[in-house]
Each structure stands twice: as structure tokens, then as C-alpha cells.
Enquirer: 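Quick one: the structure is below, questions incoming.
Throughout, protein chains are lettered first and strands after them, A, B, ... in sequence-line order, and every chain is numbered starting at 1. Side chains included, hydrogens not; waters and symmetry mates left out as well; all remaining heavy atoms used.
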2 protein chains.
Amino acid sequence: MKRKSFREAECPVARALDAIGDWWSLLIIRDAFDGLRRFSEIQQNLGIAKGMLASRLREFVKLGILELVPASDGSAYQEYALTEKGRGLFLVVVALRQWGEGHLYQKGEARSLLVDTRTGQPVAPLRLYAADGRAIDWPETRVESKVAERAL
Amino acid sequence: MKRKSFREAECPVARALDAIGDWWSLLIIRDAFDGLRRFSEIQQNLGIAKGMLASRLREFVKLGILELVPASDGSAYQEYALTEKGRGLFLVVVALRQWGEGHLYQKGEARSLLVDTRTGQPVAPLRLYAADGRAIDWPETRVESKVAERAL
DNA sequence: AAATCCAGTTCTAATTTAGAACCACTCGAC
DNA sequence: GTCGAGTGGTTCTAAATTAGAACTGGATTT
């Protein structure tokens, strides 16, 4: 049956997953962050079916995560570029990456690494901070429900 | 046909998505972070089919993201609790939440909010830092391929 | 102008999902 | 202690989604 939708959910996590929570979406977006911009580049890099990729890209454009721009090599083709909204997903990809690095590899397995181009050093692990600058963790947080815009 | 697997991928993002990248997984994990621990609580909260939930929970236990523990109310039932590995996904959920907050709501729509229990204030937006403490962004980063354990 | 590349679309078959029905065990009330 | 409800699933079927191959039409290369 049709997949349940969370487009109208009150929880931002659910809405986010409604937009990009399917099997391929974040992989495609990761490729975009890695500089792949052409349909065939992404298709070959992921080994995804062309129909799947076409439908995902169409949806990303509709959602404003990617946009079609003229090809950077001057040809008549177009390329997919991350919008501001799409670039906002960078920390989601980084968080997934850091979790994967820490929990999904055996010793000695090769992995790719995110580095600071200025120094060539790996980036620091993400941390969560409270409004007053204290580093905090899950147990020090709580989700408050149904907060309206006015209250923000 | 069968979904492609990235369990052996060299990219930690791909491995992470192989483990938790399907439609329901992060929603179930979000519920776990929200304190839901019983099968029926999660099932009713998400409106997920019981078979789906059972298969996802089974896999999370197998992956070491959740574990079965005796019910905290002293009954003969069991509960699902996040392991250390599972708690490591907190920042993934927070990153998704913050992206959703920033890009998926109209003005005036109600949303839930993550707050610091100490002060009741919303948490700060996540930021990425280089090893030397500079805050950096996507354009200042690059992915290096095939780095072996020894080199870390 | 022929051959090849690019960016898809269309088609079919296999896999996955939703939802309902069912089941055994536990609990709470009487 | 037993009856009804609740818990934590499993099994079944139908519908939706996905993979992969084949095809298409315009752009590019030779």
C-alpha cells in the first residue's frame, strides 16, 4: 500500500524524513556534496536504476533541494546543483558519516575521510551545545511539543 | 529486485544508510530517543504496520542499536533500549530536526522543539569545527578516499 | 553523416510494504 | 481462578515500489 506520509507532521524529524528519508535520497545528496552534478555521473557512481534516479532528482528539484543549471562545461546539457536548502543537509550527511566511522568499521578497513581543506586534518566530531554554550548530550535534552511560531 | 547493499562500502555515509537508511528506521530511533520503549507504544505512535516494526526492531537488535531489557515496570514483558551505538545516532536525529525546522515549515505552523532541560532554552544549531577549532562549512571540506586504519 | 554519448522514459518482473486476521502469553478485575 | 483486555508478535494477501533491460530522441564527437 501507499507509504504513510509525514509531510504535515508536527515533528521536524518526521518532516525531514518525509522529504529525504528514503533509501537513495541521502546517497544522491552525498554525491552532490562530493561534486557530482550530472545525471550519468551519479547514476554510474551509485549503480542506481535510471528510473529511480530520475524520479528522485525530479522530486529534489520540486522540493527545492537541487536545481537545474546550465552545464559548467558550456555544452547544451544541464547539471544538478545544490540549492541553499540542499546545502543545509551537509550536517546531516556529516552526522551520518561520523556515526558510520565510529560504529560500522572493523580495524584495518579502508574508509573515506572528511578533512578540512585548509589543514588537511580530519574535521572534529560534531557536538551539541545549549544556548548558553555548554556542551550537552541526549540525557540533558527534552522535546517540547506543539510550539507555535510566535513562541520562537 | 533486491535492494543494493552498501554494507561493505568504503564511504561511512553509505554504510550508515545501509544500516538505518530505510523509510522507518530513523523514526523508530527518534521514538526511542523520545522515551518510547515498548513495541505497542512505538507501533501506535508511528502508525506503522506491526510486521514492519517487528522486522525493523529485530534488525536493530541484531545490529546492536537496540537491546531487549526487562520491562522497567516490573512486568514480565521486555522493552527496547538504545545501546551506546544507538545513542550515537542522536546527532543524526538532531541534524535532521534542525534541517526540518529551518526548511520545512511555514510561518505559524506548530512544531516540536528540542530544548536543554537545564534552562528550558532551545539547543544551539549544530556547527562543524576543524581540528584546530575553526568553525568550517562545506566549501572548506573535502573527502579523502581509502584511508586505512593505520593512517588514523 | 555515422557512431556515440547523454538524459531520460517505458516496460516487466521481483521485492517490499500496508493492513487485516490470527495467536499465545500476561495482566487486571472480579 | 477465570474472563476479558492488552502485549508482542506471526502469517497472509493485495497493492506499491524497485531493479534492470530495452528503447528514444537530441547533442556531441569523429
Side-chain angles (χ1 to χ4, degrees), chain A residues 1-7 9 14 17-29 31-32 35-63 65-81, chain B residues 1-7 9 14 17-29 31-32 35-63 65-81:
Chain A
M1 319 292 178
K2 197 185 282 181
R3 223 162 38 182
K4 199 168 164 50
S5 166
F6 290 99
R7 210 178 347 268
L17 289 169
D18 195 80
I20 54 142
D22 80 282
W23 189 251
W24 285 108
S25 291
L26 280 167
L27 254 2
I28 295 168
I29 288 163
D31 273 9
L36 306 197
R37 302 165 64 87
R38 298 285 282 256
F39 185 95
S40 56
E41 286 180 317
I42 299 172
Q43 197 257 315
Q44 287 163 38
N45 185 54
L46 291 177
I48 185 178
K50 295 167 99 182
M52 261 281 87
L53 180 58
S55 102
R56 288 297 165 264
L57 290 173
R58 218 177 356 251
E59 183 165 342
F60 287 154
V61 170
K62 200 174 65 183
L63 288 172
I65 289 170
L66 296 177
E67 60 185 339
L68 275 164
V69 300
S72 47
D73 61 2
S75 73
Y77 296 115
Q78 288 186 292
E79 296 180 344
Y80 291 93
Chain B
M1 320 296 177
K2 197 185 282 183
R3 223 163 38 182
K4 198 168 163 50
S5 166
F6 290 99
R7 211 178 346 267
L17 289 169
D18 194 80
I20 53 143
D22 80 283
W23 189 250
W24 286 109
S25 290
L26 281 167
L27 254 2
I28 296 168
I29 288 163
D31 273 9
L36 306 196
R37 303 165 63 88
R38 299 284 282 256
F39 186 95
S40 55
E41 284 180 318
I42 299 172
Q43 197 256 315
Q44 287 164 38
N45 186 54
L46 291 177
I48 185 178
K50 295 168 97 183
M52 262 282 86
L53 180 57
S55 103
R56 287 298 165 264
L57 290 173
R58 217 176 0 250
E59 183 163 343
F60 286 155
V61 170
K62 198 173 67 183
L63 288 171
I65 290 171
L66 296 177
E67 60 185 339
L68 275 164
V69 301
S72 46
D73 62 3
S75 73
Y77 295 116
Q78 287 186 293
E79 297 179 343
Y80 291 93

Enquirer: B:Gln78: which residues meet the side-chain contact (heavy atoms from CB on, under 4.5 Å) condition with it, sequence neighbours left out?
Expert: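 B:Gln78 satisfies side-chain contact (heavy atoms from CB on, under 4.5 Å) with B:Leu68 only.
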Enquirer: Quick one: list whatever passes side-chain hydrogen bond (donor to acceptor under 3.5 Å, both in side chains) with B:Ser75, sequence neighbours left out.
Expert: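 So B:Ser75 forms a side-chain hydrogen bond (donor to acceptor under 3.5 Å, both in side chains) with B:Asp73.
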Enquirer: Counting only side-chain N and O atoms of A:Trp23, is one of them less than 4.0 Å from OP1 or OP2 of D:dT17?
Expert: no
Enquirer: What's the NZ-C1' distance between A:Lys50 and D:dA19, to the nearest Å?
Expert: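 That distance rounds to 13 Å.
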Enquirer: If the cut-off is 4.0 Å, is A:Tyr80 near the phosphate of C:dC6, judged by side-chain N/O to OP1 or OP2?
Expert: no
Enquirer: Taking the nucleotide of DNA chain D with the nearest heavy atom to each, does A:Asp22 or B:Gln78 sit closer to the 5' end?
Expert: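 With A:Asp22 and B:Gln78 compared, the 5'-side residue is B:Gln78.
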Enquirer: Under the side-chain contact (heavy atoms from CB on, under 4.5 Å) rule, collect the residues that match up with B:Ala49, sequence neighbours excluded.
Expert: B:Met52
Enquirer: Partners of B:Ala9 by side-chain contact (heavy atoms from CB on, under 4.5 Å), sequence neighbours excluded?
Expert: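 With sequence neighbours excluded, B:Ala9 shows a side-chain contact (heavy atoms from CB on, under 4.5 Å) to B:Phe6, B:Ala14, B:Arg15, given in chain and number order.
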Enquirer: Looking only at the side chain of B:Ala49 (C-beta and beyond, no hydrogens), which of the listed nucleotides C:dA18, D:dA19, C:dG8 gets closest?
Expert: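 Between C:dA18, D:dA19, C:dG8, the one nearest the side chain of B:Ala49 would be C:dA18.
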Enquirer: Working to the nearest 0.5 Å, report the span between CZ of A:Arg56 and CG of A:Leu26.
Expert: 11.5 Å
Enquirer: Let me confirm one number: the CG-CD1 distance from B:Leu57 to B:Ile65, rounded to the nearest 0.5 Å.
Expert: 11.0 Å
Enquirer: To the nearest angstrom, how far is A:Arg37 atom CZ from C:dC6 atom P?
Expert: 16 Å
Enquirer: Got a second to check how far A:Asp18's CG is from B:Leu27's CG, nearest 0.5 Å?
Expert: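 Answer rounded to 0.5 Å: 9.0 Å.
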Enquirer: Just by distance, do the side chain of B:Glu41 and the backbone of B:Arg37 share a donor-acceptor pair under 3.5 Å?
Expert: yes
Enquirer: Where do B:Ile29 and B:Phe60 come nearest, in terms of heavy atoms and distance?
Expert: CD1-CZ, 3.8 Å
Enquirer: Can you list, in residue-number order, the parts of residues 52-60 of chain A that come under 4.0 Å of DNA chain D, counting heavy atoms only?
Expert: A:Met52, A:Arg56
Enquirer: For the helix from C:dA1-D:dT30 to C:dC30-D:dG1, what angle separates the axis at the start from the axis at the finish, each from five pairs, in steps of 10°?
Expert: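 If I round to tens, the end axes sit 30° apart.
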Enquirer: Report the residues that fulfil side-chain hydrogen bond (donor to acceptor under 3.5 Å, both in side chains) with A:Ser72, sequence neighbours left out, ordered by chain and then residue number.
Expert: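 For A:Ser72, the residues satisfying side-chain hydrogen bond (donor to acceptor under 3.5 Å, both in side chains) (neighbours in sequence not counted) are A:Glu79.
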Enquirer: Within this structure, what is the CD1-to-P distance between A:Ile48 and C:dT9, rounded to whole angstrom?
Expert: 13 Å
Enquirer: C:dT17 phosphate, OP1 or OP2: any side-chain N/O from B:Trp24 under 4.0 angstrom?
Expert: no
Enquirer: Test: side chain to side chain donor-acceptor pair (under 3.5 Å). Region: residues 44-54 of chain B. Which pairs qualify, not counting sequence neighbours?
Expert: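 The answer is B:Asp31-B:Asn45.
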Enquirer: For the residue pair A:Glu59 and A:Ala19, what are the closest heavy atoms and their distance?
Expert: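 Closest approach of A:Glu59 to A:Ala19: OE2-O, 4.3 Å.
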Enquirer: When the distance from CG of B:Asp73 to P of D:dG6 is rounded to whole Å, what number comes out?
Expert: 16 Å
Enquirer: Give me the atom names and distance for the closest heavy-atom approach of A:Tyr80 to A:Val61.
Expert: CE2-CG2, 4.0 Å
Enquirer: Quick one, give me the B/S/- string for nucleotides 25-30 of chain C, reading 5' to 3', where B means a protein heavy atom under 4.0 Å from the base and S means that only happens at the primed atoms, P, OP1 or OP2.
Expert: -BS---
Enquirer: How far apart are the closest heavy atoms of A:Ile48 and A:Ile42, and which atoms are they?
Expert: CG2-O, 4.5 Å
Enquirer: Quick one, which residues of residues 38-46 of chain B touch DNA chain D with a heavy atom under 4.0 Å?
Expert: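 Going residue by residue through residues 38-46 of chain B, the ones with a heavy atom under 4.0 Å of DNA chain D turn out to be B:Arg38, B:Phe39, B:Ser40.
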